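Read the structure below first, then the notes.
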Amino acid sequence: MKTAVIQFPGSNCDADAVYVAGELLGQQAKLVWHTETSLEGVDAVLIPGGFSYGDHLRSGAIAARSPIMHEVRRFAERGGPVVGICNGFQILTEAGLLPGALTRNDSLHFLCHDVHLRVERTDTIFTSAYRQGQVLRLPIAHNEGNYYADEETLARLRGEGRVLFRYVTPGGEVERAANPNGSQNNIAGILNERGNVLGMMPHPERAAEALLGGTDGRGLFESLLAAVVR
Amino acid sequence: MSATQSLRDRAATFGLTVEEFDLVTQAVGREPNALEAAIFGAMWSEHCGYKNSRPLFRVFPTTGPQVLQGPGENAGVVDIGDGYAVAFKMESHNHPSAVEPVQGAATGVGGILRDIFAMGARPFAVLDSLRFGDLSTPRTQHLLTGVVEGISHYGNAIGVPTVGGEVTFHPSYQENPLVNVMALGLMHHEDLAKGTLGAVGNKIVYVGSKTGRDGLGGAVFASADLSDASNEDRPAVQVGDPFMEKLLLEATLEAIQKGLVAGVQDMGAAGLVSSTCEMAYRAGLGIDMDLGAVPTREDGMVPMELCLSESQERMVLVPVPGREQELIDLLAKWELDVVVIGEVKEHDRYRLFWRGELVCDVPVAALNEAPKYTREGVESAEIRALRERDLSGVPVPEDLGAVLVKLMSHPTIASKRPIFERYDHQVMTNTVVVPGAADAAVMRVKGSRKGVAATSDCNPRFVYLDPYTGAAAAVAEAARNLACVGATPLAITDNLNFGNPHRPEVYYQLVQATQGIADACRALNTPVTGGNVSLYNQYNEAQADGSTRTVAIHPTPTIGMVGVLPDVSINATMALDSHPQSLYLLGN
Amino acid sequence: MTYLAKVYVTLKKSILDPQGRTVERSLHQQGYAEVRDVRVGKYIELTLEGERAEVEARVREISENILSNPVMESVRFEIEALQPA
Amino acid sequence: MTYLAKVYVTLKKSILDPQGRTVERSLHQQGYAEVRDVRVGKYIELTLEGERAEVEARVREISENILSNPVMESVRFEIEALQPA
Ligand SMILES: Nc1ncnc2c1ncn2[C@@H]1O[C@H](COP(=O)(O)OP(=O)(O)O)[C@@H](O)[C@H]1O
């Protein structure tokens, strides 16, 4: 699997993404600078976390309008898998590749701690390595992860099974107390209509090694690998 | 200010005493002009020239086989084996944080990170040591919230994890909080960069943010020396831009790794002047610089403002001759503006030009050789009495359980989770021991089995009562914290936060504390590789009779210590596993 | 001609504004009990050159496509001619 | 009477506005080369009850002491009477 990790000025989880998709998975991963205009020969695109353009104006807003995003859109239209993590999720919504928006955490604070997520579906290219309903422990680190969409969009997301991850209690219950940022419906990650674009706030790449305290995030990369190789 | 007053009469407006002004006249060989006087004032300030503290540093051990770079550069560097080294340093941003906590603390993080990547190291951990007054007051709540927000804003955005620190509360910090930030960077030995100029003919390149009138608001200059911009136009607060710094960081490291730079230095206190003339001093060479080339954010800036502005996110680079264009292209890729502002010269002068005119021409050496003062220290009788108070008569409380609860609920002891959860402590995916898990943080080193551990410590109450033993104890505590995660201590950086050194009782604390640090470092084989001094931390306390009295903060020599783990997977935390375990008490 | 555009970006009424709520609570605590409906938005100033109609069209584009996100924000703007310096 | 107060908080001219600078650059890259001097500030709305003069005094206090930091920001406000709903 050849992964392109898109690098914007201000991206800061780019090297972490390359480390997991490349080193840990034993695959190829390369950084692609935001002014580049080709994704030739790439199997998967990863838009990493960070503070692209300092998160100025709105998080993800300026990055979403940079040249490479045109190419990412075409890649997604061809059915190529695209994952946006944290700031990457914000960029995907700003670019219109995913519906809704990510607004300020309801606590108004940046939060960095582990959360529990429930895997809502396993018949996707991102979650085949997990069990249905499996509860994952992954870290979050964001200021603006509060997912918002209008009622109609939410109803569609639910109806079409496009909510892939929800914040839950360690026991797997969707409860207000398990929601770190005020996201509607405890949404932590969603898919596009076609199911090949994923945006999520938690950081699977930070939980891919036992040394760092957890391996629950690894399944996402393994699922993707299996899908691409197949 | 009367028009007839000579520069010498108003030496104080340049931060010089009359005696110092005369020393400048002697060194320059004539009376300095106002710009030159101000430049000397800045370079001879405590912050740049360490005129009160340097003599005290002589007691510190600074060498050892592990030390690759001792004091004197942007940061100290220690060897951790396998070809890797760690650059680290601590710096204070106390006064700015007292005025504007968010930006004050944020720019503190920005400044220390520049010191680290100017050494060629990639910053990979930040620790923050914070002291505030009474948490029940609105002022302290405002300061604490703001400082934490500032650190989190800057550190999170630039993508360096904040992995540890300490927060304590004591009334002596009510008006004058302390914000000490330590940063660590990782590098390969061969990438060690220095703040120097290389050879004659080398160009001096300015990169980063444009220069504004930042940091001149607090200056005491006579208005005649500045442009006619009103005071309103001279912000006392500097705003930090972590986004710009992230670009600077990536560009600087890439330039160093590609061998494009002969010298690097960040522009910190006293901005352009201190960075360039320190570089010249290290190289033993001179500089010719055109102030007109300095990119400005505002119109009408004059030489004094250009020289002393403390605008953030600026660096000085010296390209390797012949590779200037490569460097400029690289910086452009990172969307950074770059200008050549000067050249390295054979002579030993610091020469500045403005609109074709030579406006400053002074010896580099004199600028960098501030006079040194040793004073007389006397212990305060009041404090001695406190220390010697007989405590044998204090009764043991009956309900020790209640005492425990009371202690645990003191903000200094209570959990710091609400603070460290606002810091991204995992970005870069190296943090093996996270905040709250132990008293020191542990980072792995990708590409090696090694781990790096870091901690910051000081118990100011102890130092107040007994500065020698208290400061030594801070070093010992830091070493214990490292040992408890499985690391071997390597070296320390320190941040000496004290009151006004002209007061004998404060000077006494400084002398005793530095001696305590030195002796403890010798005993533990952890040399001092750098540090920072913040003096004049004091406040006015209202007295019963309506008068006020100047009181110094508790003396606070914060110790930042770095250690190495041979195998990072073998580490320890405080967690007790659920199965039966035994607890042992070591020591006496 | 040189124009100053003032752009106001506010969260849509239907969207909860946690920042506004926090400011409101703090105002209440500080004795301003009569304050309600606090909303915090953005105020952006920009200067640009051109003919009035064209400037207006450009500012509209910028405001609607870049300075605000229609999913959650409303935007309005004003334009005023600047005296030549 | 009920009043709507509109408060504008801007960074002082001499203070670095990283947000404005970044937005300006991005506008240039997206083809709006004629835009300059972009400054990003805050726009706060609040509703409050009282006599006009008193409301004005209260809003001034709130604006100057709470909603802005005089060390780095300028603040101005407008007050308009709201039609009773
Ligand atoms: N300001 C801070 N920033 C980051 N981490 C902090 C901060 N203050 C405390 N911590 C972390 O919280 C934990 C407990 O700290 P502290 O209460 O100071 O313990 P101790 O006094 O026993 O060293 C440590 O892991 C420490 O690094």
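Quick caveat: nothing in here was measured; it's all calculated off a predicted structure. The figures here come from the full heavy-atom set of this structure, side chains too, leaving out hydrogens, waters and symmetry mates. In what follows, every chain begins at residue 1, and chains take the letters A, B, ... in the order their sequences are listed.
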Structural part of B:I158 lying under 4.5 Å from a heavy atom of chain A: backbone
side-chain contact (heavy atoms from CB on, under 4.5 Å), paired with A:H113, selected from B:E421, B:R417, B:R422: B:E421
Within 6.0 angstrom of A:R131 CZ, more than 12 heavy atoms from elsewhere: no
Heavy-atom contact with chain A under 4.5 Å, split by part of B:T431: backbone
Flag if over 12 foreign heavy atoms under 6.0 Å of NZ, B:K210: no
Separation between CE of B:M428 and SG of A:C13, rounded to the nearest 0.5 Å: 10.5 Å
Proximity breakdown for B:K333 and chain A, heavy-atom pairs closer than 4.5 Å: both
Heavy-atom contact with chain B under 4.5 Å, split by part of A:H56: side chain
Check: A:Y53 ring centroid to B:F243 ring centroid under 6.0 Å: yes
Chain B contacts, top residue of A:P139, A:A15, A:S52 (heavy-atom pairs, under 4.5 Å): A:P139
A:E209 side, atom CD; B:R444 side, atom CZ - distance, nearest 0.5 Å: 4.0 Å
Gap separating the CD atom of B:Q426 from the SG atom of A:C112, nearest 0.5 angstrom: 4.5 Å
Engaged part of B:V568 at the chain A interface, taking heavy atoms whose separation is under 4.5 Å: both
Note, A:P9 side chain near B:K246 side chain (heavy atom, < 4.5 Å): no
Top contributor to chain B contacts, counting heavy-atom pairs under 4.5 Å, from A:L212, A:D55, A:D14, A:N143: A:L212
B:N571 CG to A:L211 CG distance, which is reported to the nearest 0.5 Å: 7.5 Å
Sidechain-backbone polar pair: A:N12 side chain, B:N156 backbone, donor-acceptor under 3.5 Å: yes
Flag side-chain contact, heavy atom, 4.5 Å: A:H203 against B:V427: no
Non-hydrogen side-chain atoms of B:V148 and A:H109 separated by less than 4.5 Å: no
Closest heavy-atom pair and its distance - B:D424, A:A141: OD2-CB, 3.6 Å
Contacting moiety of A:E23, where chain B heavy atoms sit under 4.5 Å: neither
Residue part contacting chain B, namely of A:S107, when any heavy atom lies under 4.5 Å: neither
Region of B:N430 in contact with chain A, defined by heavy-atom distances below 4.5 Å: backbone
Proximal to chain B - members of residues 27-50 of chain A, heavy-atom separation under 4.5 Å: A:W33, A:H34
Partner set under side-chain contact (heavy atoms from CB on, under 4.5 Å) for B:A453, not counting sequence neighbours: B:V442, B:L482, B:V485, B:A487, B:L565
Greatest number of heavy atom pairs closer than 4.5 Å to chain A - which of B:G159, B:S569, B:A157: B:A157
From CZ (A:F110) to CD1 (B:I151), nearest 0.5 Å: 14.0 Å
Region of A:D16 that comes under 4.5 Å of a non-hydrogen atom in chain B: both
